[in-house]
Every structure is written in structure tokens, then in C-alpha cells.
Amino acid sequence: MGFPTILIKAVKGTRDLLPPSTAVWNHVEAVARAVFRTYNYHEIRTPILEETQLFARGVGEETDIVTKEMYTFTDRDETSLTLRPENTASVIRAYIEHRLDQRSGVQKLYYMGPMFRRERPQKGRYRQFFQIGAEAIGSESPAVDAEVIEMVLEVLERVGMSGFKLLLNSVGDHNCRPQFVERLRQELKAVSSQLCGDCQRRADTNPLRVLDCKVEADQPIIDRLPSMQDALCDPCRTHFTAVKQFLDDRGIAYEVRPRMVRGLDYYMRTTFEVVHGALGAQNSVLGGGRYDGLAESLGSKVHSPGIGFSIGEDRLVMAVEDAHKPVPLDLFIAPLGEPALRHASVMARELRRAGLSVELVEARLKRAMELANKLGARFTLIVGENEMTAGRYALKNMSTGEQQELTRDEIAARLTVAVN
RNA sequence: GUGGGUGUAGCUCAGCUUGGUAGAGCGCCGGAUUGUGGUUCCGGUGGCCGAGGGUUCGAAUCCCUCCACCCACCCCA
């Protein structure tokens with residue numbers, strides 16, 4: 001007593017999702033599942049907790065994600081565990097562990113759920129964030145790349161998003177990329193002193209990132225640096241040309257961004273990203289790409305090339321939320337008095353079983369009507385003594401104000417028609 | 001990790017320059033007589049003014065320190 005208890009609040013970078021916003025989340029997820037089904041993708045659920053080694057080897061020892069953003073702790077038996085910062089490595093781990101390569105056909109898997117990265121939070125970026133992703137494993141064909149891209153754009157469109165832009169690139173493979181990076185590193189030695197501070201550092205640690213620099217003053221210098229597009233080896237070039245051809249066939253618009261770089265080491269050949277204007281600085285709604293060497297680097301003896309993407313669900317919801325209208329309540333039942341409440345409760349059960357959303361509150365009628373209105377009820381049913389003895393109940397249409405006396409059966413029939 | 005901004009009622013904010021211990025709108029609750037909502041009118045509820053310290057007779061207001069949140073860099077979804 002007297003000592004104010006310190007309020008416990010949500011951990012930094014995490015948040016509570018409340019109604020009516022959760023309806024938008026559910027809608028986005030339902031649309032994604034529906035689209036994935038039509039492309040014959042099936043859900044996979046992997047643990048949120050994995051051995052730290054999985055991400056170190058999968059995502060890349062030197063990436064920002066692994067070096068400074070993971071939630072890692074030592075378990076009681078001394079093994080190092082990590083809250084997943086992304087899900088592709090886990091999916092591939094499961095693919096190898098359960099020998100999914102032995103199943104026939106390309107394995108097409110999708111997932112949705114929380115990921116964790118310990119970054120400084122800002123608009124569209126959280127420490128616990130949600131991704132919806134899919135992976136197609138077991139094919140190197142550029143036709144698969146195009147189909148995956150087509151599918152994810154379908155999700156965006158069906159969810160009501162517009163005004164987005166698809167960015168495309170090829171980052172080469174084990175054969176041509178290391179050579180390119182080395183060449184870039186050499187050329188940067190001559191000019192890095194003229195670049196911004198970040199780029200001077202990147203010139204050493206991650207030369208590819210210099211190409212992606214947004215500092216205005218650096219652009220003329222960056223423009224003169226070699227392009228990955230020109231450095232692609234023949235197989236990579238052929239693959240990329242085919243991907244573009246397949247997209248063109250579908251009438252899918254894209255912009256080739258030779259300088260677009262992705263932050264996960266496993267990407268190879270095709271990479272892509274979708275950006276949207278109204279999201280703040282974190283304007284990337286989804287990112288993805290091919291990862292033909294990932295399975296081997298996780299210990300697979302069979303070559304298991306794959307391609308996938310993941311949507312930033314928080315950002316997608318942010319982009320479509322305003323257009324979403326609240327889910328209405330079908331019926332508000334206003335019983336007058338204790339006997340009426342018992343009677344109405346039974347009626348409510350019947351109507352709910354028939355699929356209607358029903359709220360039931362005993363109160364003075366004026367108060368009940370007020371509540372019905374505030375809850376956005378489409379109809380209100382009044383159950384009083386008169387109604388119970390007559391077997392006919394007053395059903396009021398809340399938008400027109402019109403009211404009629406109906407029997408129980410008539411109410412159910414009338415409502416199911418009106419609601420659909 | 002680095003910068004900038006903001007912390008006053010459940011929400012959005014005013015008040016701070018020129019110290020005299022709080023206001024608006026919305027929300028919520030109630031009323032305008034009996035079993036009918038939305039509009040209008042009236043009333044009510046609600047805040048240790050982010051926390052701690054300092055200056056002062058007196059601090060939401062001035063000074064210091066911390067904390068939280070937001071935005072941006074970095075990086076990414």
C-alpha cells in the first residue's frame with residue numbers, strides 16, 4: 001500500500017494487436033491461404049526456437065541479422081538457442097530433416113507467423129514482426145521463379161493493395177559473384193575516400209552494399225562502378241533472361257535494379273522486392289529470391305535448389321488497413337426482464353448455430369437500443385412479455401427503423417436472407 | 001549503436017514564452033416521465049501534468065538527470 005506498482009507494458013518493439021485491426025490481419029491471412037491453395041502450396045509450421053547454428057550457417061555469419069540482431073540465449077543444457085529472425089532456414093532444415101526431397105514433385109510450402117530481430121523500432125519495423133512466406137524447393141527452373149512472383153503479387157492485389165512496384169535483379173551465383181565482389185572491392189579502393197562514411201566502411205565489409213547507397217552525392221561515383229548485370233556468367237544470364245521472359249508473358253511489370261542488394265547471404269541469381277510509397281522509410285513490403293546453395297550449406301547431401309519470398313505482414317496491413325470496413329454485428333437481442341432473458345438466451349443459441357453473430361444484453365429498452373446502435377447491429381430483436389405470450393417478436397431493422405412482428409422461424413429465415 | 005522529436009483525462013490535443021497546484025473536443029455514464037437507438041440539449045465521471053531532483057513563498061510552466069514512445073540513419077520484411 002502506498003507504493004505505486006510499476007505498470008508492466010509490452011516489451012519494446014512488440015505490440016498488442018487489437019480489434020478492429022485484428023480483422024484486417026485475419027483477412028490478409030485468409031486471402032494469402034486462399035491464393036496459396038490455388039497454386040498448390042501447403043502450410044508448414046516450424047518451431048519459433050531453433051539452434052543458433054541454423055541461422056549462423058543459413059543466413060550468413062557476417063550478416064547484420066546474425067551479428068547483431070538475433071535474440072540468442074543459452075539453454076539450461078548449454079546449447080545456444082535463437083528466436084527465429086526469418087523462416088527460410090527453418091523450412092530448409094525441416095525439408096532436409098524429414099527428407100522431403102523424397103516426395104514427388106517440387107515441394108511448395110507456405111508459412112505465416114512471428115519473427116524476431118532486435119533492431120531499433122520505427123515505423124513499419126518491430127522487434128517481433130510477422131511474415132507470410134512461401135518456398136518452392138526442388139527446381140532450378142526460371143518458370144518457378146516467375147510463378148512464385150506471380151503468386152505473391154496475386155496476394156497483394158487480392159488484399160486490395162495498389163500502387164506497388166516490383167523490383168528485380170540477379171545477384172549471380174557461386175561462380176560469378178565472388179569474382180564480381182573482388183573486382184568491385186579493387187575499384188572501390190581508388191574512389192572510396194570520396195564516398196560517404198557508411199560507404200567507406202562498406203567498401204571493405206560489404207562492397208555490394210555500396211551500390212545500394214542512397215546518398216545523393218555518391219551517385220555519380222557509384223554510376224561508374226561495374227554492374228552485377230554485366231558480370232553475370234552465362235548460366236546466370238540465361239536464367240535471368242528466361243525469368244524476365246516468363247514475367248513478360250504474364251504481363252507482369254517489373255523494374256530491373258542492377259544495384260538492388262539483399263541482406264541475406266543465401267540469395268543467388270533471382271532476387272526481388274516489392275516497394276510501396278505510403279509506408280515511410282521502411283517501404284519494402286516483401287522480399288525474396290533464389291537460394292540454390294542453402295540446403296547444402298545446411299548439410300544436405302542432395303542438391304535442393306529453391307526460391308521463396310516473405311511478406312512483411314505488419315507493413316502489408318498498414319498499407320491496406322484504412323480501406324477496411326468493420327465487421328458488423330448481425331443481431332442484438334434485447335430481453336426485458338429475467339424470464340425474457342432465459343427465453344432469449346435459447347433463441348440466441350439457435351440463431352448463432354444458424355451462423356449469425358448475436359449479442360445479448362439485458363437492460364432497459366432505451367439503453368439496449370443505444371447499445372445495439374453503438375455496436376453496429378444490423379437488426380435488434382425485442383423479447384418482452386408481450387412477445388413471449390404472443391409467440392411473435394419485434395424485429396427492428398436498425399438502418400431503416402422499420403419494425404415487424406415475426407415468429408421464431410420467420411426471424412431466422414428473414415435474418416439469414418438479409419445478412420447475406 | 002547514432003541523431004531528431006514528443007511525453008498533460010480512455011483518445012486527439014490546448015495551457016508552458018510572461019510560474020499562482022488544469023482545460024477543450026471526442027469517448028464513457030446518467031437525465032429530457034411509462035417498452036424503442038442515431039440528432040439535439042443538460043448534467044456527471046475522469047489527470048500526483050512520464051519519473052526523480054533543483055530554483056522559488058509557490059512549478060504542468062524555469063534548470064538538471066533519468067525513463068518511455070515516435071521518426072530517421074543503419075539494416076531489412
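Excluded from the calculations below are hydrogen atoms, water molecules and symmetry mates; all remaining heavy atoms, backbone and side chain alike, are included. By convention in this document, chain letters (A, B, ...) are assigned in the order of the sequence lines, proteins followed by strands, and residues within each chain are numbered from 1.
Partner assigned to B:A60 is none, using Watson-Crick or G-U wobble distances below 3.5 angstrom. As the counterpart of B:C75, no nucleotide is assigned, since no Watson-Crick or G-U wobble pattern has both distances under 3.5 Å. When both pairing distances are held under 3.5 Å, B:U12 makes a Watson-Crick or G-U pair with B:A24. Across all strands shown, B:C66 pairs with B:G50; the Watson-Crick or G-U wobble distances both stay below 3.5 Å. In a base pair of the Watson-Crick type (N1 to N3 plus N6-O4 or O6-N4) or a G-U wobble (N1-O2 and O6-N3), with each distance short of 3.5 Å, B:U17 is matched with no nucleotide. In this entry B:U33 has no Watson-Crick or G-U wobble partner, no candidate having both defining distances under 3.5 Å.
Comparing B:C48 with B:G35, their P atoms are spaced 39 Å from each other, to the whole Å. Rounded to a whole angstrom, the distance from the P atom of B:G10 to that of B:C57 is 35 Å. Taking atom C1' in both B:G20 and B:A60, one finds a spacing of 13 Å when rounded to whole Å. When the P atom is compared between B:G5 and B:C75, the two are found 24 Å apart, to the nearest whole Å. Here the separation of B:C11 from B:G47, taken at their P atoms, is 13 Å to the nearest Å. B:G19 and B:A77 are spaced 50 Å apart, taking the C1' atom of each and rounding to whole Å. Spacing between B:U21 and B:U36 at atom P, rounded to whole Å, works out to 47 Å. The separation of B:A24 from B:C41, taken at their P atoms, amounts to 16 Å, rounded to a whole angstrom.
Residue-to-nucleotide contacts include a donor-acceptor pair under 3.5 Å from the side chain of A:Glu119 to the base of B:A77. For A:Asn373 against B:G38, no side-chain N or O and base N or O form a donor-acceptor pair under 3.5 Å. The base of B:C75 lies outside donor-acceptor range of the side chain of A:Gln122, with no N or O pair under 3.5 Å. For A:Gln403 against B:U36, a side-chain-to-base donor-acceptor contact under 3.5 Å is present. In this model, no side-chain donor or acceptor of A:Glu69 finds a partner on the base of B:G1 within 3.5 Å. For B:C75, its base sits under 3.5 Å from the side chain of A:Arg125 at one donor and acceptor pair at least.
As judged by a 4.0 angstrom heavy-atom cut-off over every strand, A:Asn386 is placed among the base-contacting residues. Here A:Gln128 lies out of heavy-atom contact (under 4.0 Å) with every strand. Looking at heavy-atom distances under 4.0 Å, A:Gly401 makes contact with a base. Among the atoms of the strands shown, none is found under 4.0 Å from any heavy atom of A:Ala372. Residue contacts for A:Leu286: at a heavy-atom cut-off of 4.0 Å it reaches the sugar-phosphate backbone alone, with no base atom in range. As judged by a 4.0 angstrom heavy-atom cut-off over every strand, A:Phe332 is placed among residues making no nucleic acid contact. In this structure, A:Glu385 reaches the bases: a heavy-atom distance under 4.0 Å links it to at least one base atom across the strands shown. Within 4.0 Å (heavy atoms only), A:Met398 reaches at least one base atom of the nucleic acid. Among the heavy atoms of the strands, none lies under 4.0 Å from A:Thr67.
A 6.0 Å sphere centred on CD of A:Glu43 holds more than 12 heavy atoms belonging to other residues, nucleotides or ligands. Environment of CD in A:Glu157: crowded, with over 12 heavy atoms of neighbouring residues, nucleotides or ligands closer than 6.0 Å.
Without hydrogens or angle criteria, A:Thr67 side chain to A:Thr63 main chain gives a donor-acceptor distance under 3.5 Å. A donor-acceptor pair under 3.5 Å is absent between the side-chain atoms of A:Arg262 and the main chain of A:Val171, judged by distance alone. Counting only distance, with no hydrogens or angles, the side chain of A:Arg352 and the backbone of A:Ser357 share no donor-acceptor pair below 3.5 Å. Between the side chain of A:Arg127 and the main chain of A:Glu119, a donor-acceptor pair closer than 3.5 Å is present.
Checking B:C74, B:C28, B:A77 against the side-chain heavy atoms of A:Gln282 singles out B:C74 as nearest. Among B:G37, B:C69, B:U36, the nucleotide with an atom closest to any side-chain atom of A:Glu370 is B:G37. Proximity note for A:Ile382 (side chain, C-beta onward) versus B:A77, B:C75, B:G35: the nearest is B:G35.
The distance from atom CG of A:Asn87 to atom P of B:A77 is 13 Å, rounded to the nearest whole Å. Computed from coordinates, the A:Arg262 CZ to B:C74 C1' distance equals 16 Å when rounded to whole Å. With rounding to whole Å, A:Met161 atom CE is found 12 Å from B:A77 atom C1'. In this structure, CD of A:Glu62 is placed 20 Å from P of B:C74, rounded to the nearest angstrom. Note: CG (A:Asn283) to P (B:A72) measures 10 Å, nearest angstrom. Between the C1' atom of B:A77 and the CG atom of A:Leu83 lies a distance of 17 Å, rounded to the nearest Å. In this structure, A:Arg84 places its CZ atom 15 Å from P of B:A77, rounding to the nearest Å. At whole-Å resolution of the value, CD in A:Glu86 and C1' in B:A77 are 11 Å apart.
Nearest-nucleotide positions on RNA chain B for A:Ala377 and A:Val274 put A:Ala377 closer to the 5' end. The residue among A:Gly384 and A:Gln131 whose nearest nucleotide of RNA chain B lies closer to the 5′ end is A:Gly384.
When the side-chain nitrogen and oxygen atoms of A:Arg364 are compared with OP1 and OP2 of B:G31, one or more of them lie within a distance under 4.0 Å. Between A:Lys396 and B:G38 there is no side-chain N or O to OP1 or OP2 distance below 4.0 Å. Taking only side-chain nitrogens and oxygens, A:Lys123 never comes nearer than 4.0 Å to OP1 or OP2 of B:A72. When the side-chain nitrogen and oxygen atoms of A:Arg367 are compared with OP1 and OP2 of B:C29, one or more of them lie within a distance under 4.0 Å. A:Arg120 has no side-chain polar atom (N or O) that falls below the 4.0 Å cut-off from OP1 or OP2 of B:C71.
Pairing each heavy atom of A:Met260 with each of A:Leu168, the nearest pair is CE-C, 4.1 Å. Between A:Ser304 and A:Tyr95, the shortest heavy-atom distance links the atoms OG-CE2, 3.4 Å.
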(message) Set out, in order, the CA-CA distance, both residues' side-chain angles and the distance that settles side chain to side chain donor-acceptor pair (under 3.5 Å) for A:Ser21 and A:Glu321, then state yes or no.
(response) CA-CA 7 Å; A:Ser21 185; A:Glu321 193 158 30; 2.6 Å; yes
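Here the two rings, on A:Phe36 and A:Tyr110, have centers that are under 6.0 Å apart.
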